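A quick write-up on the structure given underneath.
Atoms considered below: every heavy atom in the structure, side chains included; atoms not considered: hydrogens, waters and symmetry mates. As the structure is a prediction and not an experimental result, all values here were calculated from the model. In this chain, numbering begins with 1 at the start of the sequence shown.
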Amino acid sequence: MRVGCPKEIKNHEYRVGLTPASVREYVAHGHSVLVETNAGAGIGADDAAYVAAGATIAATASDVFANSDMIVKVKEPQPSEWAQLRDGQILYTYLHLAPDPEQTKGLIASGVTAVAYETVTDERGGLPLLAPMSEVAGRLSIQAGAFSLQKANGGRGVLLGGVPGVLPGKVVVIGGGVVGLHAARMAVGLGADVTILDRSLPRLRQLDDIFNGHVHTRFSSIDALESEVFQADLVIGAVLIPGAAAPKLVTRKMLGGMKKGAVIVDVAIDQGGCFETSHATTHSEPTYEVDGIIHYCVANMPGAVPVTSAHALNNATIGHGLALADKGVAAILADKHLRNGLNVHKGKITNAAVAEALGYELHAPESALAA
């Protein structure tokens, strides 16, 4: 198969869909790989490194889209990109379609077969291609929040770890999944006072064991959520419903009860965000203020640390990517976890959460692929 990797064009997105190491894997499987010039510049991989790995360098993104059977990316295709996708082509990348009707329309119109990293599953019910970026984003959320808390950046002027004789900052993490776990680890490491809210009692028990009493765990009722958010210096939104739009758990009214200059970091912004007042921002202008509360809602947080995140992402995606290159759509039919990753095929929506969120008819992946 002809596998293509264009350079990412989203604002301050420095990751790359294929590292040179991944290119070697595809080439070893007998595939040809076409990489847009300078696609790996953000991770320090020049064109020579890709050529040494067996890739051919394309002068433009158009060359990549026009001459590839499968496109491997990091972020969802932008309008200029989805216009170049076509029937019979496979797109393998993050999509986050539920809060993005325009992209969904573009993919439907293209006829492409679109597999979303964020809905591919594993035998344990996890999301293995989303997990590494959730780990990165969870850890970055504390760095971003701590920086935003500085007075010069609009925050309260609180040091998360405190100092002897002065209480540490209070961090509230909404959601105890992968993002929440890694955010809490970073916050605990800085010496903050950390509370994790979740609606799963088994998960709260597990988190209590993991942290050995160094974090507070609390069932996420409305009362508990309000109480914790009102006391917080930093709130991390880490709620995920796979494939679906994130629930709006913190309302604008609740901002009025928060400390002025407190910071919220909405890691769920790719799925629409879990704060009512959230809207996507970029690394160029990462924050804004609503009712005295600083909002950090960057939609591609791991793009800020591309060397770490691109390699972590490639480690996770290479296995299913090779299966798609080796077998085409037959790989999706043969693997229930890849079928869960299929969001769009030949103009049909094949993911239940996306269909429900955007009002489309749902087509079972098996029937859509067999048609």
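Ring geometry for Tyr92 against Tyr117 counts as perpendicular: the plane angle is over 60°, on a 0 to 90° scale with 30° as the lower cut.
Listed for the Asn315 side chain is a donor-acceptor partner under 3.5 Å among the backbone atoms of His311. For Tyr14 (side chain) and Val307 (main-chain N/O), no donor-acceptor pair under 3.5 Å exists by modelled atom type. The main-chain N or O of Glu36 is never found under 3.5 Å from a side-chain atom of Asn38 such that the two would form a donor-acceptor pair.
Hydrophobic clustering (side-chain heavy atoms under 4.5 Å, transitive across Ile, Leu, Val, Met, Phe, Trp, Tyr) groups Ile142 together with Leu149. Criterion: ILVMFWY side-chain heavy atoms under 4.5 Å apart, direct or through other members. Under it, Ile349 and Leu369 are not part of a common hydrophobic cluster. Hydrophobic clustering of Ile, Leu, Val, Met, Phe, Trp and Tyr side chains at less than 4.5 Å, counting indirect connections, keeps Val72 apart from Val344. Hydrophobic cluster membership differs between Leu91 and Leu130, with clusters built from Ile, Leu, Val, Met, Phe, Trp and Tyr side chains linked at under 4.5 angstrom. Following chains of ILVMFWY side-chain contacts shorter than 4.5 Å, one can reach Met70 starting from Val120, so the two form part of one hydrophobic cluster.
Heavy atoms only, all atoms of each residue included: Pro168 and Ala192 are closest at CB-CA, 4.1 Å. In terms of heavy atoms, Ala334 sits closest to Arg339 at C-NH1, 4.0 Å. Nearest heavy atom pair, residue Val27 against residue Val33, reads CG2-CG2, 4.2 Å. Shortest non-hydrogen contact noted between Val194 and Ala187 is CG2-CB, 3.5 Å. For the pair Ser68 and Arg86, the tightest heavy-atom approach, listed with the atom from each and the gap, is O-NH2, 2.9 Å. In terms of heavy-atom proximity, Gly180 sits nearest to Ala238 at N-CB, 3.8 Å.
Side-chain contact between Leu129 and His320 is present, with heavy atoms from C-beta onward closer than 4.5 Å. Residues Ser278 and Tyr296 fail the side-chain proximity criterion, which asks for heavy atoms closer than 4.5 Å. When side chains are defined from C-beta on, Glu276 does not count as touching Leu249, because their heavy atoms never get closer than 4.5 Å. Thr282 places none of its side-chain heavy atoms less than 4.5 Å from the side chain of Val298. Counting heavy atoms from C-beta outward, Gln103 and Leu97 have side chains that approach closer than 4.5 Å. With contacts defined as side-chain heavy-atom distances shorter than 4.5 Å, the pair Glu226/Met254 qualifies. Side-chain contact between Val290 and Leu255 is present, with heavy atoms from C-beta onward closer than 4.5 Å. For the pair Met301 and Ser141, the minimum side-chain heavy-atom distance is below 4.5 Å.
Looking at Val235, Ile174, Ile294, Ile236 one by one, the single match for side-chain contact (heavy atoms from CB on, under 4.5 Å) with Ile264 turns out to be Val235.
Counting non-hydrogen atoms of neighbouring residues, nucleotides and ligands closer than 6.0 angstrom, the NZ atom of Lys248 exceeds 12 such neighbours. Counting non-hydrogen atoms of other residues, nucleotides and ligands closer than 6.0 Å to NE2 of His29 gives a total above 12. The number of heavy-atom neighbours closer than 6.0 Å to CZ of Arg203, taken from other residues, nucleotides and ligands shown, is above 12. Other residues, nucleotides and ligands contribute at most 12 non-hydrogen atoms within 6.0 Å of the CD atom of Glu356. The local environment of CZ in Phe211 is crowded, with over 12 non-hydrogen atoms from other residues, nucleotides or ligands closer than 6.0 Å. Leu167 CG: 12 or fewer foreign heavy atoms inside a 6.0 Å radius.
Under 4.0 Å is where a charged nitrogen must lie from a carboxylate oxygen, and between Asp69 and Arg2 at least one such pair does. For the pair Arg15 and Glu8, the salt-bridge criterion is not met [side-chain N within less than 4.0 Å of a carboxylate O]. Ion pairing between a basic and an acidic side chain is recognised when a charged N comes within 4.0 Å of a carboxylate O; Lys73 and Glu81 show such pairing. Remark: Glu228 engages Lys170 in a salt bridge, criterion side-chain N to carboxylate O under 4.0 Å. The pair Lys336-Asp122 does not meet the salt-bridge criterion, since no charged nitrogen lies less than 4.0 angstrom from a carboxylate oxygen.
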Worked check of side-chain hydrogen bond (donor to acceptor under 3.5 Å, both in side chains) between Ser80 and Gln84: CA-CA 7 Å; Ser80 64; Gln84 299 180 72; 5.1 Å; no

Derivation of the side-chain contact (heavy atoms from CB on, under 4.5 Å) call for His363 and Glu361: CA-CA 7 Å; His363 296 266; Glu361 179 184 357; 3.8 Å; yes

Steps toward side-chain contact (heavy atoms from CB on, under 4.5 Å) verdict (Ile332, Thr113): CA-CA 10 Å; Ile332 305 173; Thr113 297; 4.0 Å; yes

Candidate pair Ser110 and Asp87, rule side-chain hydrogen bond (donor to acceptor under 3.5 Å, both in side chains), full reasoning: CA-CA 6 Å; Ser110 73; Asp87 188 358; over 6 Å; no

Verdict with supporting geometry, His345 and Thr350, side-chain hydrogen bond (donor to acceptor under 3.5 Å, both in side chains): CA-CA 7 Å; His345 177 68; Thr350 56; over 6 Å; no

Ser284/His12 under side-chain hydrogen bond (donor to acceptor under 3.5 Å, both in side chains): CA gap, chis, key distance, verdict: CA-CA 7 Å; Ser284 295; His12 283 281; 2.8 Å; yes

side-chain contact (heavy atoms from CB on, under 4.5 Å) evaluation trace for Val267 with Ile269: CA-CA 5 Å; Val267 186; Ile269 194 64; over 6 Å; no

Worked verdict on Ile57 versus Tyr50 for side-chain contact (heavy atoms from CB on, under 4.5 Å): CA-CA 8 Å; Ile57 302 301; Tyr50 281 97; 3.9 Å; yes

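In terms of the salt bridge (charged side-chain N to carboxylate O under 4.0 Å, His left out) criterion, Lys260 has no residue partners (sequence neighbours excluded).
Counting only N and O atoms by type, the side chains of Asn340 and Thr121 include a donor and acceptor under 3.5 Å apart. Using a 3.5 Å distance cut-off with no hydrogens or angles, the side chains of Glu76 and His96 do not pair a donor with an acceptor. Using modelled atom types, one finds no donor on one side chain facing an acceptor on the other under 3.5 Å when comparing Asn153 with Thr287. No hydrogens or angles considered: nothing links the side chains of Asn11 and His283 as a donor-acceptor pair under 3.5 Å. Residues Asn314 and Ser22 bring a donor and an acceptor atom of their side chains to less than 3.5 Å of each other.
Note that CG of Leu95 is 8.5 Å distant from OG1 of Thr104, once rounded to the nearest 0.5 Å. The SG atom of Cys297 sits 13.5 Å away from the CD atom of Glu285 when rounded to the nearest 0.5 Å. Residue Leu127 holds its CG atom at 6.0 Å from CG of Leu240, rounded to the nearest 0.5 Å. The CD1 atom of Ile9 sits 10.5 Å away from atom NZ of Lys7, with the distance rounded to the nearest 0.5 Å. Between atom OH of residue Tyr94 and atom OG1 of residue Thr119 there is a gap of 11.0 Å, rounded to the nearest 0.5 Å.
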Tell me which donor-acceptor pairs under 3.5 Å the side chains of residues 157-164 have, and how far apart each pair is, sequence neighbours excluded?
none

